[in-house]
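Keep in mind it's a predicted model, so treat the numbers as computed, not measured.
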Amino acid sequence: VREQIRSWFASKWLAPNAFKKRALVDRMHGVYIPYWTFDAQANCPWEAEAGHYYYTTQTYRDSQGKTRTRQVRHVRWVPASGVVDHFFDDEPVPGTNGVSHALLKDIEPFQTSELVPYDIAYLSGFVVEHYQVVLFDAAQKSQEGMENHLRSMCISQIPGDTHRNLEMHPAFSARTFKHILVPVWLLSYQYRTKTYQVVVNGHDGRMAGQYPKSPWKVGALVLAIIIAVLLGLFLTQAVDAASFDCKKASSTVEKRICASDRLSTLDEHLGRYYQGAAAQMGTATECLKLDQRAWLQERKAGRSAPRRRRV
């Protein structure tokens, strides 16, 4: 177990270098953690609205004024209902407040099918924690967990592609509980002013833990991500700033536009203006199209465009 924790610490790139050199594993010890487990039979009617996707074809004009089509998704909503019947067996709730419940959740489940009656001989070499969570609080937390699980099962029954307005009406019967002790290897340590924990499932070796992070390494990672995003945006603008796809440029004029950042940006702006003008002119768009075709011919020939007539 100690070697497993050493390897785990060594794999944490964001941890401070000085921290990795500390012999923290010498502080690890075995603990029997108290748990409550709950059984219950659940009957859960539900109703919701099931959404089924369907698509229609929409016609639109691109930046060059060409007519294109695309598929637009819609949702058709229909009522749906059903019932979930499920038996919950040994739903666990930690009975301790001294160990992080989130970490314990990460190393669950414990093999409750192999439980044996309490015998003090099993406790040799282990510390035993007393229950710090009372039965009433544990039962409430267990029911919350069961209802979350029921919600997932109800959602899985809803037909279609999506859903909304799910309502459940769970009822529980045949409730029972047990209090048990589960074996955990626990490492609790302090780095600077903060306390961290590492836990290992004493049955199957599953591990979860917390560790400090170097602000310098975190800052370097954030800076690297920002640089990568900015570089991606720059390359995207450099390739696709023109009003057409530079990868498909064929004429001499188009290739010149794509080769110049200045011309590419101006052409992209011109495409936006054309789109805006076409949207405003309504039925008079045909006149604008004729002007655009004449201008494209002038541009292709490499001559200055004639002055546009008023429309």
(message) Do Met146 and Met168 land in one hydrophobic cluster if side-chain heavy atoms of ILVMFWY residues count as linked below 4.5 Å?
(response) yes
(message) Once salt bridge (charged side-chain N to carboxylate O under 4.0 Å, His left out) is applied, what residue pairs with a partner in residues 81-95 remain, sequence neighbours excluded?
(response) Asp90-Lys178
(message) Less than 4.5 Å apart, side chain to side chain, heavy atoms only: is that true for Glu147 and Phe172?
(response) yes
(message) In this structure, would Trp13 and Val218 fall into the same cluster of hydrophobic residues linked by side-chain contacts under 4.5 Å?
(response) yes
(request) Please report the shortest heavy-atom distance between Pro109 and Asp204, naming the atom on each side. (result) O-OD2, 4.3 Å
(message) We want to know whether Thr96 and Glu129 form a side-chain donor-acceptor pair, criterion being a heavy-atom distance below 3.5 angstrom.
(response) yes
(request) Measure the spacing between CD1 of Ile107 and NE2 of His203 and express it to the nearest 0.5 Å. (result) 12.5 Å
(message) Take a 6.0 Å sphere around NE2 of His169 and say whether it holds more than 12 heavy atoms from other residues, nucleotides or ligands.
(response) yes
(request) Start with the C-alpha gap between Thr162 and Trp77, add the side-chain angles, then the distance that decides, and say whether side-chain contact (heavy atoms from CB on, under 4.5 Å) holds. (result) CA-CA 9 Å; Thr162 186; Trp77 297 102; 3.7 Å; yes
(message) Evaluate Thr57 against Gln71 for side chain to side chain donor-acceptor pair (under 3.5 Å), listing each step before the verdict.
(response) CA-CA 5 Å; Thr57 301; Gln71 294 294 302; 2.9 Å; yes
(request) Please tell me if the side chains of Trp185 and Ile5 come closer than 4.5 Å, counting only heavy atoms from C-beta onward. (result) no
(message) How close do Pro183 and Phe126 get, counting heavy atoms only, and between which atoms?
(response) CB-CE2, 4.3 Å
(message) Taking Val31 as the starting point, is it possible to reach Trp36 by hopping between hydrophobic residues whose side chains are less than 4.5 Å apart?
(response) no
(message) Is it true that, when you exclude Ile120 itself, more than 12 heavy atoms of the residues, nucleotides or ligands shown sit nearer than 6.0 Å to its CD1?
(response) no
(message) A quick test of your reading: do over 12 heavy atoms of other residues, nucleotides or ligands sit less than 6.0 Å from NE2 of His179?
(response) no
(message) Counting C-beta onward and ignoring hydrogens, is there a side-chain heavy-atom pair between Leu150 and Trp46 closer than 4.5 Å?
(response) no
(request) Compare every heavy atom of Ala15 with every heavy atom of Tyr211, then report the nearest pair and how far apart it is. (result) CD1-CB, 3.8 Å
(request) Decide side-chain contact (heavy atoms from CB on, under 4.5 Å) for His163 and Gln157; before the verdict, give the C-alpha distance in whole Å, the side-chain angles of both, and the deciding distance to 0.1 Å. (result) CA-CA 11 Å; His163 73 278; Gln157 287 190 359; over 6 Å; no
(message) To the closest 0.5 Å, what do you measure between CD (Glu108) and CG (Leu103)?
(response) 11.0 Å
(request) Drop me the distance from Leu115's CG to Thr37's OG1, to the nearest 0.5 angstrom. (result) 7.5 Å
(request) Step by step, work out the side-chain contact (heavy atoms from CB on, under 4.5 Å) result for Phe38 and Leu135. (result) CA-CA 10 Å; Phe38 295 86; Leu135 176 60; 3.9 Å; yes
(message) Under a 3.5 Å cutoff, is there a donor and acceptor pairing between the side chains of Gln58 and Thr69?
(response) no
(request) Over all heavy atoms of both residues, which pair between His130 and Pro34 is shortest? Give the atoms and the distance, please. (result) O-CG, 3.7 Å
(request) Scan Ile33, Val184, Leu187, Asp106 and name whichever one has a side chain to side chain contact (heavy atoms under 4.5 Å, CB included) with Val199. (result) Val184
(message) If you compare all heavy atoms of Ala50 against all heavy atoms of Ile158, which two are closest, and at what distance to 0.1 Å?
(response) CB-CG2, 3.8 Å
(request) Output yes when a side-chain donor or acceptor of Asn165 lies under 3.5 Å from a complementary backbone atom of Glu49, and no otherwise. (result) no
(request) Begin with the C-alpha distance, continue with both residues' side-chain angles, and end with the deciding distance and a verdict on side-chain contact (heavy atoms from CB on, under 4.5 Å) for Leu104 and Tyr35. (result) CA-CA 11 Å; Leu104 290 174; Tyr35 260 79; 3.4 Å; yes
(request) Step by step, work out the salt bridge (Lys or Arg N to Asp or Glu O under 4.0 Å) result for Glu144 and Lys141. (result) CA-CA 5 Å; Glu144 290 173 4; Lys141 190 167 184 180; over 6 Å; no
(message) Between Gln143 and Arg175, is there a side-chain heavy-atom distance shorter than 4.5 Å?
(response) yes
(message) Hydrophobic clustering (ILVMFWY, side-chain heavy atoms < 4.5 Å, transitive) - are Ile180 and Val116 grouped together?
(response) no
(message) Does Phe136, at its CZ atom, have more than 12 non-hydrogen atoms belonging to other residues, nucleotides or ligands within less than 6.0 Å?
(response) no
(message) Measuring from atom OH of Tyr191 to atom NZ of Lys213, what distance do you get when rounded to the nearest 0.5 angstrom?
(response) 12.5 Å
(request) Report whether Trp8 and Leu186 are members of the same hydrophobic cluster (ILVMFWY, side-chain heavy atoms less than 4.5 Å apart, transitive linking). (result) no
(message) Measuring from atom OG1 of Thr59 to atom CZ of Arg70, what distance do you get when rounded to the nearest 0.5 angstrom?
(response) 9.5 Å
(message) Using a 3.5 Å distance criterion without hydrogens, assess whether the side chain of Lys194 forms a donor-acceptor pair with backbone atoms of Pro212.
(response) no
(message) His149: which residues meet the ring-ring contact (aromatic ring centres under 6.0 Å, His included) condition with it, sequence neighbours left out?
(response) His86, Phe88
(request) Would you check if the side chain of Gln190 reaches a backbone N or O of Thr195 as a donor-acceptor pair within less than 3.5 Å? (result) no
(request) Supply the atom-to-atom distance Ile226 CD1 to Leu221 CG, rounded to the nearest 0.5 angstrom. (result) 10.0 Å
(request) Measure up the Tyr189 and Phe9 rings against each other and bin them: parallel (under 30°), tilted (30 to 60°), perpendicular (over 60°). (result) perpendicular
(message) Check whether Ser142 reaches the backbone of Ala138 with its side chain - one donor and one acceptor, N or O, closer than 3.5 Å.
(response) no
